[in-house]
Amino acid sequence: MHPTDLTLTEQLRLTEREVRRRLELFGIGGEEVAILRSLRPLVAPVAERIVEEFYHRQLAVEEIATLIGDADTLARLKKHQCRYILTLFDGDYGMEYVHSRLRIGLVHKRIGVPPKLYLSSFRNLAGLLRQHLRPPDQQCGSCLTRLEVVEKIMLFDLALVFDTYIHSLMDEVERGRRELRDYADSLEETVAARTRELAEQASRDGLTQLLNQRSFYEELRREVARTQRTEETLSLIYFDLDGFKAINDAFGHQQGDEILMGTARVIRRVVRAEDIAARYGGDEFCIILPHSSAEAAREVAHRLIETFDQEVGDNGVTLSIGIATAASAELTDGAHLVKQADAAMYASKKIAGHAVTLA
């Protein structure tokens with residue numbers, strides 16, 4: 001529920017029963033209410049004078065003068081303060097009265113009045129009321145009782161004002177906690193994303209962005225285990241670029257890098273989403289073909305050659321491709337499959353131009 005859906009008394013859970021309980025705690029009963037009402041005729045004629053004296057003292061404090069800021073604001077504050085003084089002696093201290101005191105606290109908190117300034121102002125007003133309710137040049141047998149009752153209602157007000165201060169501070173703490181939690185969650189997501197990014201970078205060849213050799217063997221181990229479990233067939237293509245070294249030596253590494261990146265693009269065009277491609281090292285590449293027969297692997301190899309000629313050809317570089325295939329019953333480990341494909345690849349190197357050899 002949004003705070004604007006609730007009144008201040010509802011937000012602070014101040015019920016009529018709680019207000020009555022507070023009045024009892026401050027010793028404000030029927031007799032005290034009657035005394036306060038009887039004082040209104042004494043206070044009303046001097047209320048404006050009390051307010052003028054009050055702000056004369058207030059403006060002597062630089063912090064308070066700065067908070068007030070201008071003459072129009074000061075005039076409005078004087079009117080509000082005069083009404084506040086008179087309502088102290090109305091004798092009606094129910095929910096409407098409580099709400100008005102809560103509003104006073106909320107406004108002071110929002111405009112940045114610190115508790116120390118509010119307390120000093122409160123003491124200032126209490127002192128002025130004492131002066132006017134007990135003139136020094138007059139005898140007054142009931143003045144002490146009057147002053148005690150006025151002190152009770154003012155302390156009752158002060159407690160309500162500080163309820164709003166505390167409530168606002170708790171809201172700020174909660175907002176700060178939420179912001180901190182959101183920041184921590186965001187930071188955690190950023191760290192997790194960066195960790196994934198670094199892990200991805202660590203698993204990839206920097207030039208071609210295919211898997212590197214370490215990641216290739218990790219994927220191969222998983223595929224071997226899966227193939228053994230599902231009793232399917234696994235194929236591996238191992239090839240290198242014939243004539244690559246001559247171009248690299250003659251035209252420089254930049255030209256060689258272009259050929260390697262072009263080869264990576266060819267591989268991505270040819271393989272399926274489930275196939276796993278890696279730069280094994282130098283100008284050697286491997287492609288893991290899950291649940292693929294030797295014939296299916298041979299088709300992939302020929303598509304590699306055809307696409308390579310379209311994308312990277314006309315430079316004298318050709319592909320020597322070796323294929324190894326094993327059913328689950330024959331599959332012992334990935335390294336053995338790599339050795340078979342490597343041996344088949346070396347057999348292809350003995351053939352001029354593009355060549356594909358099955359292990």
Side-chain angles (χ1 to χ4, degrees), residues 200-220 223 234-290 292-326 334-359:
E200 180 70 11
Q201 290 175 356
S203 69
R204 299 279 170 181
D205 170 61
L207 179 65
T208 64
Q209 292 304 303
L210 298 176
L211 292 180
N212 57 30
Q213 187 181 117
R214 179 181 60 81
S215 298
F216 162 75
Y217 275 107
E218 290 175 358
E219 294 292 338
L220 183 59
E223 286 303 320
L234 179 67
S235 290
L236 175 67
I237 291 176
Y238 193 135
F239 72 91
D240 82 346
L241 308 179
D242 290 329
F244 172 79
K245 187 176 184 303
I247 288 181
N248 205 39
D249 292 342
F251 299 101
H253 290 291
Q254 184 173 355
Q255 182 66 26
D257 288 348
E258 289 293 334
I259 294 173
L260 294 173
M261 290 188 289
T263 303
R265 288 194 299 272
V266 168
I267 293 172
R268 291 192 185 93
R269 282 189 56 185
V270 170
V271 299
R272 304 166 298 178
E274 61 191 347
D275 298 335
I276 302 162
R279 181 185 178 190
Y280 193 80
D283 60 342
E284 296 180 345
F285 297 84
C286 288
I287 305 173
I288 303 170
L289 304 172
S292 294
S293 64
E295 190 55 38
R298 186 194 293 272
E299 290 178 8
V300 173
H302 285 294
R303 286 204 304 275
L304 278 171
I305 292 170
E306 180 182 351
T307 309
F308 184 86
D309 281 342
Q310 294 170 358
E311 294 273 343
V312 191
D314 297 331
N315 53 23
V317 176
T318 57
L319 306 184
S320 290
I321 302 176
I323 298 173
T325 301
H336 181 66
L337 197 66
V338 172
K339 288 179 181 178
Q340 288 182 311
D342 182 38
M345 182 266 288
Y346 273 100
S348 291
K349 290 180 77 66
K350 296 176 182 177
I351 303 171
H354 296 301
V356 178
T357 302
L358 294 179

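Model, not experiment: these values are computed from the prediction.
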**Prompt:** Going through the distances and angles, do I323 and V356 end up as a side-chain contact (heavy atoms from CB on, under 4.5 Å)?
**Reply:** CA-CA 8 Å; I323 298 173; V356 178; 3.7 Å; yes
**Message:** Using side-chain contact (heavy atoms from CB on, under 4.5 Å), reason through V270 and F308 one step at a time and then give a plain yes or no.
**Reply:** CA-CA 10 Å; V270 170; F308 184 86; over 6 Å; no
**Message:** Between L211 and R204, is the side-chain contact (heavy atoms from CB on, under 4.5 Å) condition met? List the steps.
**Reply:** CA-CA 4 Å; L211 292 180; R204 299 279 170 181; 3.8 Å; yes
**Request:** Show the numbers, then the answer: is there a side-chain contact (heavy atoms from CB on, under 4.5 Å) between Q254 and D257?
**Result:** CA-CA 5 Å; Q254 184 173 355; D257 288 348; 5.7 Å; no
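Remark: E219 CD to I276 CD1 distance equals 4.5 Å, nearest 0.5 Å. Between atom CE of residue M261 and atom CD of residue E311 there is a gap of 13.0 Å, rounded to the nearest 0.5 Å. The distance from the CG atom of L337 to the CG atom of L220 is 6.5 Å, given to the nearest 0.5 Å. To the nearest 0.5 Å, atoms CZ (R265) and OG1 (T307) are separated by 12.5 Å. To the nearest 0.5 Å, atom CD1 of residue I237 and atom OG1 of residue T325 are 8.5 Å apart. In this structure, CG in D240 is found 10.5 Å from SG in C286, a value given to the nearest 0.5 Å.
Nearest heavy-atom pair, S235 versus S292, reported as atom, atom and distance to 0.1 Å: OG-O, 2.7 Å. Considering every non-hydrogen atom in both S320 and M345, the closest pair reads O-CG, 3.2 Å. The two atoms that bring R298 and L358 nearest to each other are NH2-CD1, 2.8 Å, heavy atoms only. Contact record, V317 with H354: O-CE1, 4.2 Å, taken as the closest heavy-atom pair. Shown here for D242 and L319, the closest heavy-atom pair between the two residues is OD2-C, 4.4 Å. Nearest heavy atoms, L236 versus I288: CD1-CG1, 4.0 Å.
Side-chain contact between F216 and L210 is absent, with no heavy-atom pair separated by less than 4.5 Å. Contact check for L260 versus D205: no side-chain heavy atoms found under the 4.5 Å cut-off. The shortest distance between side-chain heavy atoms of D283 and I259 does not fall below 4.5 Å. In this structure, the side chains of Q255 and N248 stay at 4.5 Å or more apart for every pair of heavy atoms.
Ring-plane geometry between F239 and F285 is classed as parallel, the angle between the planes falling under 30 degrees on a 0 to 90 degree scale with a further cut at 60.
A donor and an acceptor atom, one from each side chain of T357 and S348, are located under 3.5 Å apart.
Counting non-hydrogen atoms of neighbouring residues, nucleotides and ligands closer than 6.0 angstrom, the NE2 atom of H336 reaches no more than 12 such neighbours.
One N or O on the side chain of R272 and one on the backbone of P290 form a donor-acceptor pair closer than 3.5 Å. In this structure a side-chain-to-backbone donor-acceptor pair under 3.5 Å is present from Q213 to Y280. Remark: side-chain polar atoms of R268 are not paired, donor with acceptor, to backbone N or O of V271 under 3.5 angstrom.
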